[in-house]
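Letters A, B, ... mirror the listed sequences (proteins, then strands); counts begin at 1. Note that these values count all heavy atoms, side chains included, but never hydrogens, waters or copies made by symmetry.
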2 protein chains.
Amino acid sequence: MPKIGMEPIRRKQLIEATMASINEVGLADSTIIQISRRAGVSAGIISHYFGGKDGLLEATMRHILEDLGMSVANRRSALKKHDARSHLYAIVEGNFDRSQVSAEVMKTWLAFWTSSMHRDDLHRLQRVNDRRLYSNLCFQFRKQLPVERARDAARGLAALIDGLWLRGALMPQSFDITRAVALARRYVDEQLDGHAGPSTSTG
Amino acid sequence: MPKIGMEPIRRKQLIEATMASINEVGLADSTIIQISRRAGVSAGIISHYFGGKDGLLEATMRHILEDLGMSVANRRSALKKHDARSHLYAIVEGNFDRSQVSAEVMKTWLAFWTSSMHRDDLHRLQRVNDRRLYSNLCFQFRKQLPVERARDAARGLAALIDGLWLRGALMPQSFDITRAVALARRYVDEQLDGHAGPSTSTG
DNA sequence: GCCTTTTTTGAACGACTCTTCAACAAAAAA
DNA sequence: TTTTTTGTTGAAGAGTCGTTCAAAAAAGGC
């Protein structure tokens, strides 16, 4: 079945096979052969389309982060109200989107997070994504909170979201999406409502 | 220097070399030779004292978790007051103990967390430690909160602590222990105080 | 000073990995 | 049909890793 655009098809197959492999045996035991066999192609094709194993891994991480970003963006653009709370809820829910919260995605995400500590290319991806999340959170919190307080709230919420993902990756069976979202939303509420200082009660 | 008890000395050397290696090049690139060279011994000695690479890794993870447990236990046994808040603060501070929060320990901890998703021996260690933390948190929160609310608070605080560790591991340079502790303590406060209805203003 | 015991070495070995590339297959173009 | 182009294969090659084990080293005991 050559000639016509095989490249996007093969790339998708291989990225999905990579996630499946990481989910089942872990990144450390995910070899070129394992992955290519799972995708139903030969080992050589990985180097052909991704330039090598590293390229495949980077593409897989990029894919996950793009999906995550789109989940958040979609929810936010569908909002009717544009107050801070609505946006923050949308960001939280986007991070726990159905498509994002599977054992496969969570384990792959964590594997890449760990790898990114020692690989510059992955570290850059992680950093871009992270700063975008933080900026968004910070911007929303600043609508209602003083700047330093907003930064702390953003840092806390980002950490809480990552922590819930981390635990979800380790214990996929006892991971309750609904509860995770509820915990994160409550954190948003506590930051927005709990602060209401003595004087700044403009609502 | 043979004869006299070399075993505990070598074990300690090798465990520390393992953490140093994971910190610098990551678990994936930490080979027997890398680690043994760093410890100033030969490669064969790892198999001799730990039965193999897997044994060394398990021992290293056990070492980290024991240190973490002791940091928490020490702070709690030094408490004068025994109310929920004091204990929760102690648990938080123990988790961000100076000896625990180094790039070395954080990266090693995260590497093992990732590995434990696919290695039963490490998974058991993680699970034991995790349940102890959750139980402790839950018990303290229940002193002041209804049971379901206490469980959520415990889940949230555990996730927040792990999330802060996770981010500290990825960005050791911009990680501020003081701020991390402050964020976690504030979470405790919000759970304990925030819940109290309008009328219970005895505090 | 010699023997015993514990400790340590490092090269050999087998297994495994990623990459490369010449050859092959199959569809489109001529 | 024949040629060209795109896609694919799989084995060879070069390298790395963990383990093993016979031999050596070093410190007590006598």
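Regarding B:I35, its CD1 atom lies at a distance of 15 Å from the C1' atom of D:dT19, rounded to whole Å. Spacing between atom CZ of B:R10 and atom P of C:dT6 amounts to 16 Å, rounded to whole angstrom units. Rounded to whole Å, the distance from CD on A:Q34 to P on C:dC16 is 12 Å. Atom CD1 in A:I46 sits roughly 14 Å away from atom C1' in C:dT20 (whole-Å rounding). For the pair B:R11 CZ and C:dT8 C1', the computed distance is 17 Å after rounding to whole Å. Atom CD in A:E7 sits about 15 Å away from atom C1' in D:dT5, given to the nearest Å. Spacing between atom CG of B:D54 and atom C1' of D:dG18 amounts to 10 Å, rounded to whole angstrom units. Across the protein-nucleic acid pair, A:K53 atom NZ and C:dT20 atom P stand 15 Å apart, rounded to whole Å.
Each of A:D29 and A:H48 was assigned the nucleotide of DNA chain C with the nearest heavy atom; the assignment lying further toward the 5' end belongs to A:D29.
Minimum atom distance to the side chain of A:I32 is reached by C:dT19, of the listed C:dT19, D:dT8, C:dT8. Set against D:dG18, C:dT7, D:dT8, the side chain of A:Y49 has D:dT8 as its closest nucleotide. With D:dG18, C:dT8, C:dC18 as the candidates, the nucleotide lying closest to the side chain of B:T31 is D:dG18. The side chain of B:I45 has C:dT8 as its nearest neighbour among D:dT9, C:dT8, C:dC18. Nearest nucleotide to the A:S47 side chain, out of C:dT19, C:dT8, D:dG7: C:dT19. Considering only the side chain of B:S42, C:dT8 comes nearest among D:dT8, C:dT8, D:dT9.
Under a 3.5 Å cut-off, the side chain of B:N95 and the backbone N or O of B:I91 do form a donor-acceptor pair.
Using modelled atom types and a 3.5 Å distance limit, the side chains of A:Y134 and A:N129 yield no donor-acceptor pair.
Residues B:L122 and B:W113 form no side-chain contact, since every pair of their non-hydrogen atoms from C-beta on lies 4.5 Å or further apart.
The partner of C:dA28, taking Watson-Crick or G-U wobble pairs whose two distances both stay under 3.5 Å, is D:dT3.
The side chain to side chain contact (heavy atoms under 4.5 Å, CB included) with A:W165 is formed by just one residue from the set A:L160, A:V105, A:L170, A:L110; it is A:V105.
Relative to the six-membered ring of B:Y49, B:R10 misses at least one condition, a distance below 6.0 Å or an angle of at most 45° to the axis.
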